[in-house]
Each structure stands twice: as C-alpha cells, then as structure tokens.
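Below is one structure; the comments refer to it alone.
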Amino acid sequence: MEAWQMKTLKEFDFKDKKVLVRCDFNVPLSEEGTVLDDFRIKETVPTIRYLADNGAKIILMSHLGRPEGKVVEGLRLTQIREKLEEYLDLPIKKSEDCIGREAEELINKTNPGEVLLLENLRFHKEEEENDDNFARELAKSGDIYINDAFGACHRSHASIVGIPKYLASGAGLLLEKEIKVLTDLMKNPKKPLVAIIGGAKVETKAKLINKISEVSDWVLVGGLIKKELDDKKIPLTFPRKIVVPFNNLEGKDIGPETIELFKEKISLAKTIFFNGVLGRIEEEEFVKGTEKILQIIIQSGAFSIVGGGEMVELINKLGLIEKFNHVSTGGGAMIAFLSGDKLPGIEALK
Ligand code: 3PG
Ligand code: MG
C-alpha cells in the first residue's frame, strides 16, 4: 500500500538513541486555560511506551494553540506534561524553550527510557514558516525522528516536514493506526457504508462529501451543511446518495423525524463514518440530535469511525470513547486525508 512507503517503529533500533517525537498535543483549552479534553495526549502513550521499553531517549515536541511566534504564558506545555506524567507514570522533564542551550543540556542529560518535553514549538515563528535553520536546529540534537502527530500532518511546518530531511524518520503507532483505518475506510470498507457529515463550513467539507460519496451507500448531512450546499449551489457528484434532514430547527439541531430517517440508514450499515456534530452543541439543548445519532451508531454494531475536534470532546464528555472502533485524533488532517489530499507530514516520511 502506498502509505507504507514509510518506516514504522518496528523497523528501528532505538537503543540509546535520541528520538525526536513530533506529537499533536494541541488540545482544547477552556477560557481559564485548563485542558478540556486530553484524548490526543492519551493516544500518544503507546508510542512513548514503546520507545521507553526499547531504550530510547525520548524527546517530545508539539505545538499548542496559535501563539503566532511569541511566548504566550497560557500556551506553555505545563499541563501537557502533567497529563503525560499521569498516563505514563513517569517523571517528565520540560524545557523552557524548544531550542537553545537549556534545551540542549536537558536533551543531553536524558537517559534511555526517560522523557523530555520541549516547550511549545509555535513560540517561534520559524515553526510555521517552515524555516530550514529552525528545522536543523531541532534536528541536530536527535538521532531519529518519529512523527506521531496525525492531527498536524496537514501543516507544512518545520517540525513536520523540515526535520525529516535531516534524520532517519518514521511513523509512530498513532500515525500508523490513523493511516491504516482511514485508508481502509476509503479503499476497502465493509458495505453498506454510511457517512454522516455535520458541522459547518461547507468549503472544507464539499470535497470530502463528494469523495466519500464514491464509496458510501448514503451520505447523511447535517442541517447547516444542507443549507450551505443549497445556498452556494455546490455541485454534488452523487446527489442521489445524499440524505438531508427534514426539519433542522434552523440548523441548531436535527429533530425526531430526521433522527428516524437517519436511523433507518444507519441500521443497515456495516461501516459508519461520522464527522462533525449535527447541532449547535455549545448550547446544551442542541446536543440531543448528535447524542442520539451516536447512540444509534453504537447500537448498530457496525464498524464505526468518528472524528473531529468538537465531536471527540463531546464523545469523551459522554464517556463513549471506548464504544467506537476508531476515534480519530485528526480534525482538519482527517478531512484532508479523506478528501484525497496528500498530507505534507506523511509525504515527508516517504
Ligand atoms: C489541529 O488541531 O488542527 C492541529 O493541531 C493543527 O493546528 P492548527 O489548525 O492550529 O494548525
Ligand atoms: Mg485546526
């Protein structure tokens, strides 16, 4: 398979090697700055454990939020470190900056099996500019580069596409799993396949809707998407596969009749893909439609793939994460991947 032109963890000898691991710890934060959902952090644990068990000196890197090249105190990775310590049951050191003397010293003091977390990469504007010197600066302290940041693979940033120019590189377990599940969804799904596309911003979803229509039996869309498809006269490749809500409470949620209509299709499915919530879920009363559909998916027993930032947060809050076969850590990255775009982060590993 095309995606496997890249190396996976099993192909490396990590013993005593300094391994730079790009993670996507870009988690949602509350207004007070606390982590609202740590799913992305949890999902990197298997890779970090694997590396620790195999004698690597582990250097973790990530961005958080959009500090636009400046130090923003509220976007330090302090809480990420706390969560990682909790999940890994290991003490984790953190640098004050991702490059420079202090980071270098901490990297050199990291022993096999130990973990160091570098500070937010986006405190340097060079990260998003994909600056070559910055990439080299990051790369110079490592022996091997592992990308486990599926959620950020649609970004051509220094830590994603720059570093692998200078180091032996491969995919972590999370990235490998995401590529495998999402490739199977598009190439080899158990049929019938029902895709459910909610959210807003039809611009980012139109390509996905058309692409996934090629392999789906039905594509159920949320109220806002339907409205935008109509308003903007977006051309659909398989209009007869699209199922739209009856009544959409002005796009705030789907109502009981639509839930019944969607249920009819979902009950027939062997595979279900669900991206983007179906209502304005920030208001409690409009969570119902999405929650109902999640329950119907669980009851259907079909192979289920769900994703999108808001969706994952909701599923986690409802305590339903374990009920789905695959919960993707990707938002924009997952949409781009399923739309058939080449993700720069994945290409850089080939
Ligand atoms: C995401 O959450 O989409 C990724 O972490 C990338 O972050 P960005 O959208 O700020 O580039
Ligand atoms: Mg994003």
Side-chain angles (χ1 to χ4, degrees), residues 20-30 33-44 47 60-72 74-77 79-80 83-84 98 117-131 134-135 138 146-164 171-172 174-175 177-179 182 197-205 207-208 275-277 282 306-316 326-339 341-349:
L20 300 177
V21 189
R22 178 50 158 105
C23 303
D24 186 356
F25 296 140
N26 185 31
V27 295
L29 300 173
S30 71
T34 53
V35 174
L36 286 172
D37 181 80
D38 61 6
F39 181 65
R40 279 182 165 175
I41 303 174
K42 255 193 228 170
E43 286 291 285
T44 58
T47 291
L60 306 178
M61 308 176 288
S62 179
H63 73 285
L64 174 62
R66 293 179 174 169
E68 298 183 337
K70 295 181 297 289
V71 175
V72 174
L75 293 176
R76 287 196 179 274
L77 302 191
Q79 291 178 78
I80 309 294
K83 295 272 180 197
L84 281 168
C98 62
L117 174 63
L118 299 181
E119 189 52 278
N120 195 339
L121 294 160
R122 288 192 186 170
F123 286 175
H124 295 266
K125 66 177 186 346
E126 290 81 0
E127 162 67 355
E128 289 176 81
E129 289 168 356
N130 187 19
D131 180 273
F134 182 68
L138 288 167
I146 295 298
N147 184 341
D148 215 19
F150 175 68
C153 277
H154 58 321
R155 302 292 183 222
S156 290
H157 296 169
S159 65
I160 304 276
V161 297
I163 301 177
L174 173 60
L175 179 56
K177 178 174 79 169
E178 293 271 15
I179 294 174
L182 298 177
I197 312 287
K201 287 189 284 186
V202 82
E203 288 79 6
T204 58
K205 303 262 169 101
K207 200 168 165 193
L208 170 65
N275 168 258
V277 296
E282 56 276 20
V306 294
E310 246 190 322
M311 178 77 85
V312 174
E313 219 183 303
L314 175 66
I315 290 175
N316 223 347
H326 182 72
V327 179
S328 179
T329 53
M334 181 184 63
I335 292 174
F337 187 90
L338 296 177
S339 299
D341 297 347
K342 288 201 182 305
L343 303 197
I346 294 174
E347 296 307 306
L349 298 177

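Count residues from 1 along the sequence. First listed ligand is number 1; within each ligand, the first listed atom is number 1.
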### Query
At the 4.0 Å heavy-atom cut-off, does Met334 count as touching ligand 1?
no
### Query
Hey, is Glu128 one of the residues with a heavy atom under 4.0 angstrom from ligand 1?
no
### Task
Measure from the side-chain N and O atoms of Asp37 to the backbone N and O of Pro28, and report whether any donor-acceptor pair falls under 3.5 Å.
no
### Message
Quiz question: by atom type and distance under 3.5 Å, do the side chains of His326 and Glu178 form a donor-acceptor pair?
### Response
yes
### Query
Short list, please: which atoms of ligand 1 are under 4.0 Å from a heavy atom of Asn26?
1 (C), 2 (O), 4 (C), 5 (O), 7 (O)
### Query
How far is atom 8 (P) of ligand 1 from its nearest protein heavy atom, and which residue and atom name does that atom have?
Arg66 NH2, 3.4 Å
### His63 and Asp24, any side-chain heavy atoms less than 4.5 Å apart
yes
### Message
Would you compute the distance between atom CG of Asn26 and atom CD1 of Ile41 and round it to the nearest 0.5 angstrom?
### Response
10.5 Å
### Query
Quick one: which ligand 1 atoms are inside 4.0 Å of a heavy atom on Asp24?
4 (C), 5 (O)
### Message
Looking at ligand 1, is there an atom of it that comes within less than 4.0 Å of some heavy atom belonging to Gly151?
### Response
yes
### Query
Nearest to atom 7 (O) of ligand 1, what protein heavy atom do you find, and at what distance?
His63 NE2, 3.2 Å
### Query
Applying a 4.0 Å heavy-atom criterion (strictly less than), which segment of Arg40 is in contact with ligand 1: side chain, backbone, both, or neither?
side chain
#### Entry: Check: Leu175 and Leu349 side chains under 4.5 Å, non-hydrogen atoms
yes
#### Entry: Distance from atom 11 (O) of ligand 1 to nearest protein heavy atom, with residue and atom
Arg155 NE, 2.5 Å
### Query
Which of the atoms in ligand 1, numbered in the order shown and given with their element, are less than 4.0 Å from a heavy-atom of Arg122?
7 (O), 8 (P), 10 (O), 11 (O)
### Task
Would you tell me whether Gln79 and Thr34 have side-chain atoms, one donor and one acceptor, within less than 3.5 Å of each other?
no
### Task
Side-chain contact test, heavy atoms from C-beta onward, threshold under 4.5 Å: evaluate it for Phe150 versus Met334 and give yes or no.
yes
